[in-house]
S.K.: 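The structure follows.
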Amino acid sequence: MPDLKEGVVLQARSGRHRVEAGDEVVICDVRGRLKREQLTTDLIATGDRVLWQPIRPGSGVVEEVLPRETQLSRRRPGQIEAEQVIVANPDQAVFIFSVTEPRPNLRMLDRLLVLAENNDLPAFVCANKIDLLEDEGEAGELFGVYEEIGYPVLYTSAKTGQGIDALRQHLLGNLTVLSGPSGVGKTSLLNAVQPHLGLATQQISDATGKGRHTTVGVRLWPLEGGGYVADTPGLREAGLWDIEPEELAWHFVEFRPYLSDCRFSTCTHTHEPGCAVKTAVEAGEISELRYDSYQRMLVGE
Ligand code: GDP
Ligand code: ZN
């Protein structure tokens with residue numbers, strides 16, 4: 001086919017996908033023949049790499065969606081066999097919390113980490129507003145456990161600039177899914193990484209509002225120097241939690257070495273005798289807070 005160009009879908013919107021190709025952003029529909037293919041997944045999602053053909057300046061037609069290497073997805077509500085892709089081809093996730101004001105909701109962080117594990121997405125944590133602590137050691141008391149179990153933690157301040165270079169380095173060249181509660185400084189951090197970046201994402205979150213549809217409005221924001229961030233505020237509320245109970249323990253990464261040592265292969269690590277996970281909690285090898293998160297998630301709290 002002549003003149004096919006490669007591009008990245010910055011925003012998937014039925015019939016009017018925004019595709020970045022080099023320095024330009026074009027609006028693309030999808031070739032009808034693609035739409036007719038039987039699919040159990042979204043035909044085109046934010047983050048997809050596509051081959052498209054220009055039609056007029058500023059617009060084109062997607063001829064082919066290149067295979068996804070990774071994805072952040074959920075089961076389409078009410079349908080067992082269908083999935084909804086929230087972001088295609090993510091490289092990693094960053095979960096942003098503040099060390100104080102507001103106090104970090106570490107149970108929410110645990111849930112987000114499970115979500116990342118369930119999607120095979122490497123994750124790191126950003127602990128912001130470090131300037132508000134007189135003693136930085138306090139931050140380690142909150143977030144140190146995550147470093148111990150293998151998640152990098154960046155301690156940052158959008159106010160003083162601490163950790164911003166490190167955050168930028170983590171983001172450059174990657175497609176990063178970003179989430180965290182409001183008020184922790186996500187907008188300020190993105191503005192510190194790249195002028196106006198946070199402002200742009202903020203307007204979108206306000207426009208799409210809260211709730212189920214928020215994830216549908218996910219957009220990619222290009223980084224100068226390469227890479228993208230996808231702000232996904234809706235991850236917190238979205239029905240992404242249909243993780244099988246027997247898989248949940250596996251997504252608490254520090255439980256993994258113990259799972260094969262439980263007396264019963266069907267162990268839920270709650271009340272069973274001979275549970276290696278519980279023994280590890282009692283021995284201080286697994287954090288009680290993380291174990292508490294596990295128990296809550298197991299009963300759907
Ligand atoms: P968002 O809701 O996560 O996007 O958070 P914002 O970026 O809007 O920040 C919420 C509030 O926290 C604002 O008043 C910011 O000025 C403040 N803030 C953000 N980052 C920092 C920081 O690193 N240190 C301090 N002291 N305040 C911050
Ligand atoms: Zn067990």
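Side chains are part of it too, since the values below use all heavy atoms of this structure and drop only hydrogens, waters and symmetry mates. When a ligand or atom number is given, it counts from 1 through the structure's own listing order.
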S.K.: Please check whether Ser182 reaches ligand 1 - meaning an N/O of the residue sits under 3.5 Å from an N/O of the ligand, judged on distance alone.
M.R.: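 In fact, backbone or side chain, Ser182 has no N or O that close.
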
S.K.: Of Glu101, Lys129, Gln162, which has the heavy atom at the shortest distance from atom 18 (N) of ligand 1?
M.R.: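 Shortest heavy-atom distance from atom 18 (N) of ligand 1: Lys129.
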
S.K.: Counting N and O atoms only, with roles assigned by atom type, does the side chain of Ser157 sit under 3.5 Å from a partner on the main chain of Thr160, one being a donor and the other an acceptor?
M.R.: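 Here the side-chain-to-backbone pair exists.
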
S.K.: Do the side chains of Leu4 and Leu66 join up, straight or via other hydrophobic residues, at under 4.5 Å, putting them in one cluster?
M.R.: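 Same hydrophobic cluster.
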
S.K.: Linking Ile, Leu, Val, Met, Phe, Trp and Tyr by side-chain heavy atoms under 4.5 Å, what else ends up with Val61?
M.R.: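 Result for Val61 is Ile55.
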
S.K.: Roughly how far apart are Gln194 CD and Arg168 CZ, rounded to 0.5 Å?
M.R.: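 Nearest 0.5 Å value for the CD-CZ distance: 8.5 Å.
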
S.K.: Would you kindly say whether Thr156 and Asn128 are connected by a side-chain donor-acceptor distance under 3.5 Å?
M.R.: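 There is such a pair between these side chains.
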
S.K.: For the Zn ion (ligand 2), how many protein N, O or S atoms lie at less than 2.8 Å?
M.R.: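 Near the Zn ion (ligand 2), the number of protein N, O or S atoms below 2.8 Å is 4.
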
S.K.: Backbone or side chain, does any N or O of Thr156 fall under 3.5 Å from an N or O of ligand 1?
M.R.: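 N/O-N/O distance below 3.5 Å does not exist for this pair.
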
S.K.: Who's closest to atom 2 (O) of ligand 1 heavy-atom-wise, of Gly183, Ala192, Ser98?
M.R.: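 Checking each option, the heavy atom nearest atom 2 (O) of ligand 1 is found in Gly183.
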
S.K.: Is the distance between the ring centroids of Phe124 and His170 under 6.0 Å?
M.R.: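 Yes - the distance between ring centres of Phe124 and His170 falls below the 6.0 Å cut-off.
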
S.K.: For ligand 1, which atoms sit closer than 4.0 Å to a heavy atom of Ala158?
M.R.: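 Going through ligand 1 atom by atom, the ones under 4.0 Å from Ala158 are 20 (N), 22 (C), 23 (O).
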
S.K.: Under a 3.5 Å cutoff, is there a donor and acceptor pairing between the side chains of Gln11 and Thr46?
M.R.: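 Judged by distance alone, the side chains do not pair up.
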
S.K.: Distance under 4.0 Å to a non-hydrogen atom of Ser157: what atoms of ligand 1 satisfy this?
M.R.: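 So the atoms of ligand 1 that pass are 23 (O).
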
S.K.: Counting both backbone and side chain atoms, is some N or O of Leu132 under 3.5 Å from an N or O of ligand 1?
M.R.: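 It does not: no N or O of Leu132 is found under 3.5 Å from an N or O of ligand 1.
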
S.K.: Going by the order shown, which atoms of ligand 1 are within less than 4.0 Å of some heavy atom of Val184?
M.R.: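 Taking each heavy atom of Val184 in turn, ligand 1 has 3 (O), 5 (O) under 4.0 Å.
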
S.K.: Tell me every residue that passes salt bridge (Lys or Arg N to Asp or Glu O under 4.0 Å) with Asp91, counting only those two or more places apart in sequence or in another chain.
M.R.: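 Scan of Asp91 (salt bridge (Lys or Arg N to Asp or Glu O under 4.0 Å), adjacent residues dropped) gives none.
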
S.K.: Mind checking the CZ-CD1 spacing from Arg56 to Ile27? Nearest 0.5 Å is all I need.
M.R.: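 Rounded to the nearest 0.5 Å, the CZ-CD1 separation comes out at 11.5 Å.
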
S.K.: Should the proximity of Asn128 to ligand 1, defined as any heavy atom under 4.0 Å, be assigned to the side chain, the backbone, both, or neither?
M.R.: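 Just the side chain.
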
S.K.: If the condition is side chain to side chain contact (heavy atoms under 4.5 Å, CB included), which residues does Val25 pass it with, not counting sequence neighbours?
M.R.: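 Side chain to side chain contact (heavy atoms under 4.5 Å, CB included) check on Val25 returns Leu10, Arg18.
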
S.K.: Within ligand 1, which atoms have a heavy atom of Lys186 less than 4.0 Å away?
M.R.: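 Result: 1 (P), 3 (O), 4 (O), 5 (O), 7 (O).
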
S.K.: Give the atom numbers and elements of ligand 1 that come within less than 4.0 Å of a heavy atom of Gly185.
M.R.: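 Atoms satisfying the 4.0 Å criterion: 1 (P), 3 (O), 5 (O), 6 (P), 7 (O), 9 (O), 19 (C), 20 (N).
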
S.K.: Please round to the nearest 0.5 Å and tell me the distance separating atom CG of Leu197 and atom CG of Asn191.
M.R.: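 If we round to the nearest 0.5 Å, Leu197:CG and Asn191:CG are 7.0 Å apart.
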
S.K.: Please step through salt bridge (Lys or Arg N to Asp or Glu O under 4.0 Å) for the pair Asp231 and Lys186, ending with a clear verdict.
M.R.: CA-CA 9 Å; Asp231 188 13; Lys186 295 186 299 296; 5.9 Å; no

S.K.: Between ligand 1 and Ile130, is the shortest N or O to N or O distance under 3.5 Å?
M.R.: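 N/O-N/O distance below 3.5 Å does not exist for this pair.
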
